[in-house]
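Quick notes on the structure that follows.
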Amino acid sequence: MARWTPPQGGYLKMNVDGRVQVGGGCAGISCVARDEVESFGYSNIERQKQRLPVYKYRTAILYLVETHATTIIVGETGSGKTTQIPQFLKEAGWADGGRVIACTQPRRLAVQAVSSRVAEEMGVKLGEEVGYTIRFEDFTKNGVTMIKFLTDGVLLREMMDDPLLTKYSVIMVDEAHERSISTDILLGLLKKIQRRRPELRLVISSATIEAKSMSSFFTSKRRRQMEDETVGLKMEPAILSVEGRGFTVQIQYVEEPVSNYIQAAVSTILLINDQEPMGDILVFLTGQDDIDSAVHLLHEDIQNRSKNSSGLLILPLYSGLPRAEQELVFAPAPRGKRKVVISTNIAETSLTLEGIVYVIDSGFSKQRFYNPISDIENLVVAPISKASARQRAGRAGRVRPGKCYRLYTEEYFVKEMPNEGIPEIQRSNLVSCVIQLKSLGIDNILGFEWPASPSPEAMVRALEVLYSLGVLDDDAKLTSPDGFQVAEIPLDPMIAKMILSSSQLGCSEEIITIAAVLSIQSIWVSSRGAQKEMDEVKLRFATAEGDHVTFLNVYKGFLQSGKSSQWCYRNFVNYHAMKKVLEVREQLRRTAQRIGLVLKSCEGDILIVRKAITAGFFANACNLEAYSHNGKYKTIRGSQEVYIHPSSVLFRVNPKWVIYHSLVSTDKQYMRNVISIDPSWLREVAPHFYQHQRPSSIPH
DNA sequence: GAGCACTGC
């Protein structure tokens with residue numbers, strides 16, 4: 001690779017816009033700051049609690065919650081809102097009489113971290129007065145737990161049994177500014193619940209939320225009317241801001257737009273290393289490729305100029321990295337070395353690194369966009385929002401005053417960068433979301449009040465897909481039993497439908513294994529280095545039927561080895577992933593039994609396994625183009641040009657008819673996880689879907 | 001013969 005040329009005669013020129021107090025941050029984890037955790041003793045804890053900014057708002061918060069149906073708390077990093085507000089509420093009696101205070105988080109890790117911190121502060125055992133629930137883990141005790149932390153996804157599942165969430169007196173929705181799909185669905189549903197349960201209190205908490213738009217969402221004419229009827233309770237939300245406790249972060253912008261942000265990032269790292277006092281550097285790039293080339297450029301520089309940059313400890317960070325390598329970023333740098341973490345968005349919210357003093361922000365991240373017309377989700381590099389930029393900058397001010405180098409101009413930041421990102425619900429396939437609402441009895445999906453409405457096209461497309469799966473009827477109501485059963489299974493409806501069919505066909509044990517494997521990222525060890533060797537090992541499990549059947553062979557081998565980690569290591573299989581497969585599989589078996597499915601093995605009759613897969617994924621059927629030399633397929637439904645991904649066991653095998661699990665779009669559309677089928681099955685499992693196809697594409 | 005931002009049930 002060519003050596004980079006430093007732009008503009010050496011280094012980027014930065015201008016300084018003065019000192020800017022930066023907010024944002026991961027409230028969940030950030031409240032458990034190191035200085036708080038490392039001290040002992042009740043009085044010490046008490047003193048620390050009083051030092052948190054939120055402490056002086058205690059009375060105000062309790063008053064607002066008492067008198068308002070909804071209270072919006074805008075709190076910056078380190079304000080203490082997540083750990084303290086539930087305790088304030090409990091002390092004020094909101095958990096009396098067996099009622100429970102709930103606090104939701106978007107991520108499992110945050111739920112665990114925050115709940116154990118709160119249990120420690122209250123001097124109780126986790127799982128008693130303070131508990132938590134995430135998928136696979138329920139540390140709560142009925143009648144004992146007063147404060148319960150949970151993911152918003154778990155709370156949505158709870159609504160399927162108890163639509164009005166009657167055991168909760170207050171529900172605090174934390175990190176609402178992240179606008180995840182679950183958070184948005186939850187907010188829409190909570191607004192509805194409030195109409196039926198005026199005594200329920202909501203606390204919406206977030207770092208950088210546009211509080212006014214959230215407030216207007218929770219305000220409506222009908223609500224004002226209720227206000228008159230419910231004496232003393234204000235329906236219009238209260239808004240309270242709590243300052244953070246982060247350090248000042250000085251922001252620097254480039255004077256001219258940069259053409260290559262990877263090179264710009266690399267030269268900025270070297271600039272910091274030459275000119276700035278010690279302190280670790282965190283760089284935000286978009287993905288694995290960017291990160292790898294930045295790491296490469298830096299290593300080249302170290303070799304060429306050995307002196308200056310040899311003091312750098314360069315660490316990549318992204319979710320696909322093997323666990324051990326990921327953990328390196330948490331270890332402090334050796335004496336005299338400066339740590340440089342080059343990361344994706346994972347360091348923006350999910351992971352918190354201590355000791356970062358300098359942040360370099362490329363201004364971009366990878367974001368998912370869904371096209372309802374083609375029904376394809378794409379991952380594209382897109383500009384971030386001001387809210388994200390502030391969040392990234394805030395990562396530099398956790399231990400002492402820091403600096404953030406933005407690789408874009410101040411003018412761009414002020415004039416062009418959007419204030420907030422597009423909520424996930426407006427960028428996603430809505431199939432799961434629609435069936436969830438249907439199962440909660442929301443019949444008029446198109447009339448549902450969202451904090452941000454998804455496009456009608458995406459909504460209609462989701463309804464179509466669910467109709468074709470036979471889980472919605474002509475009136476868009478859940479069918480019985482299929483629709484209700486699919487809604488109960490905590491996976492994508494197409495997977496759920498596949499499981500239902502497997503119960504009828506007599507291969508549910510196998511299909512549940514396949515469903516578990518498909519629901520985790522990858523069961524293979526990621527190793528770009530030993531690719532050839534890995535491909536060869538993979539052939540041991542490969543079958544002509546396709547990837548799904550290959551998964552069955554891997555699972556079988558794993559069980560026969562006695563679930564051995566050595567076996568996994570030898571076979572390039574990710575041991576942690578396989579443990580997860582076992583866990584998901586167990587949950588699915590329990591769910592299947594609960595909803596009355598038949599658990600049965602097909603004893604090697606793979607044909608019916610492929611039929612069951614077809615029953616869920618018939619919409620992803622593709623036909624190899626006649627006389628195609630390069631493995632070109634066309635989707636039957638949309639005549640999209642697609643290819644088998646080189647990681648598939650069917651790559652270069654190119655069966656005439658295939659079904660894929662998902663598409664990845666790069667220079668071509670690649671099908672990942674592919675299985676060969678007999679086209680006659682398509683009409684068998686989905687006659688309604690295939691009867692109106694063009695004559696040329698009708699399977700015979 | 002190529003590459004997967006991040007979550008969650």
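Order of the sequence lines fixes the chain letters, A, B, ..., with proteins taken first and strands second; residue numbering starts at 1 for each chain. The figures here come from the full heavy-atom set of this structure, side chains too, leaving out hydrogens, waters and symmetry mates.
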Of A:Pro490 and A:Arg427, the one whose closest DNA chain B nucleotide lies more 5': A:Arg427

Residue A:Tyr670, side-chain atoms from C-beta onward, closest of B:dA5, B:dC9, B:dA2: B:dA2

Touch class at under 4.0 angstrom, heavy-atom based, for A:Gln436 against every strand present: nothing

Touch class at under 4.0 angstrom, heavy-atom based, for A:Ile181 against every strand present: nothing

Electrostatic pair A:Glu178:A:Arg107 at N-O distance under 4.0 angstrom: yes

Pair A:Arg395 + A:Glu354: basic N to acidic O under 4.0 Å: no

Integer-rounded Å distance: B:dC9 P and A:Leu437 CG: 18 Å

Ignoring hydrogens and angles, write down the donor-acceptor pairs under 3.5 Å from the side chains of residues 489-497 of chain A, residues two or more places apart or on other chains.
from: A:Asp492; atom 1: OD1; to: A:Met494; atom 2: N; distance (Å): 2.8
from: A:Lys497; atom 1: NZ; to: A:Leu469; atom 2: O; distance (Å): 2.8

Presence of A:Thr344 side-chain N/O under 4.0 Å of B:dC6 phosphate oxygens OP1/OP2: yes

Value in whole Å for how far the P atom of B:dA2 lies from CD of A:Gln669: 16 Å

Presence of A:Arg108 side-chain N/O under 4.0 Å of B:dC9 phosphate oxygens OP1/OP2: yes

Nearest-Å distance for atom pair CE/C1', residues A:Met534 and B:dA2: 12 Å

Sugar-phosphate only, base, or nothing, as touched by A:Ser180 at under 4.0 Å among non-hydrogen atoms: nothing

Nearest-Å distance for atom pair CD/C1', residues A:Gln587 and B:dG8: 11 Å

Sugar-phosphate only, base, or nothing, as touched by A:Ile346 at under 4.0 Å among non-hydrogen atoms: sugar-phosphate

Side-chain-base donor-acceptor pair under 3.5 Å for A:Asp535 and B:dG1: yes

Whole-Å distance separating the CG atom of A:Leu650 from the P atom of B:dG1: 17 Å

Centroid-centroid distance, A:Phe617 to A:His661, less than 6.0 Å: yes

Sugar-phosphate, base or nothing in reach of A:Thr151, heavy atoms under 4.0 Å: sugar-phosphate

Phosphate OP1/OP2 of B:dA5 contacted by A:Ser319 side-chain N/O (<4.0 Å): no

Residues that A:Lys668 engages under side-chain contact (heavy atoms from CB on, under 4.5 Å), provided they are two or more places apart: A:Tyr643, A:Tyr670

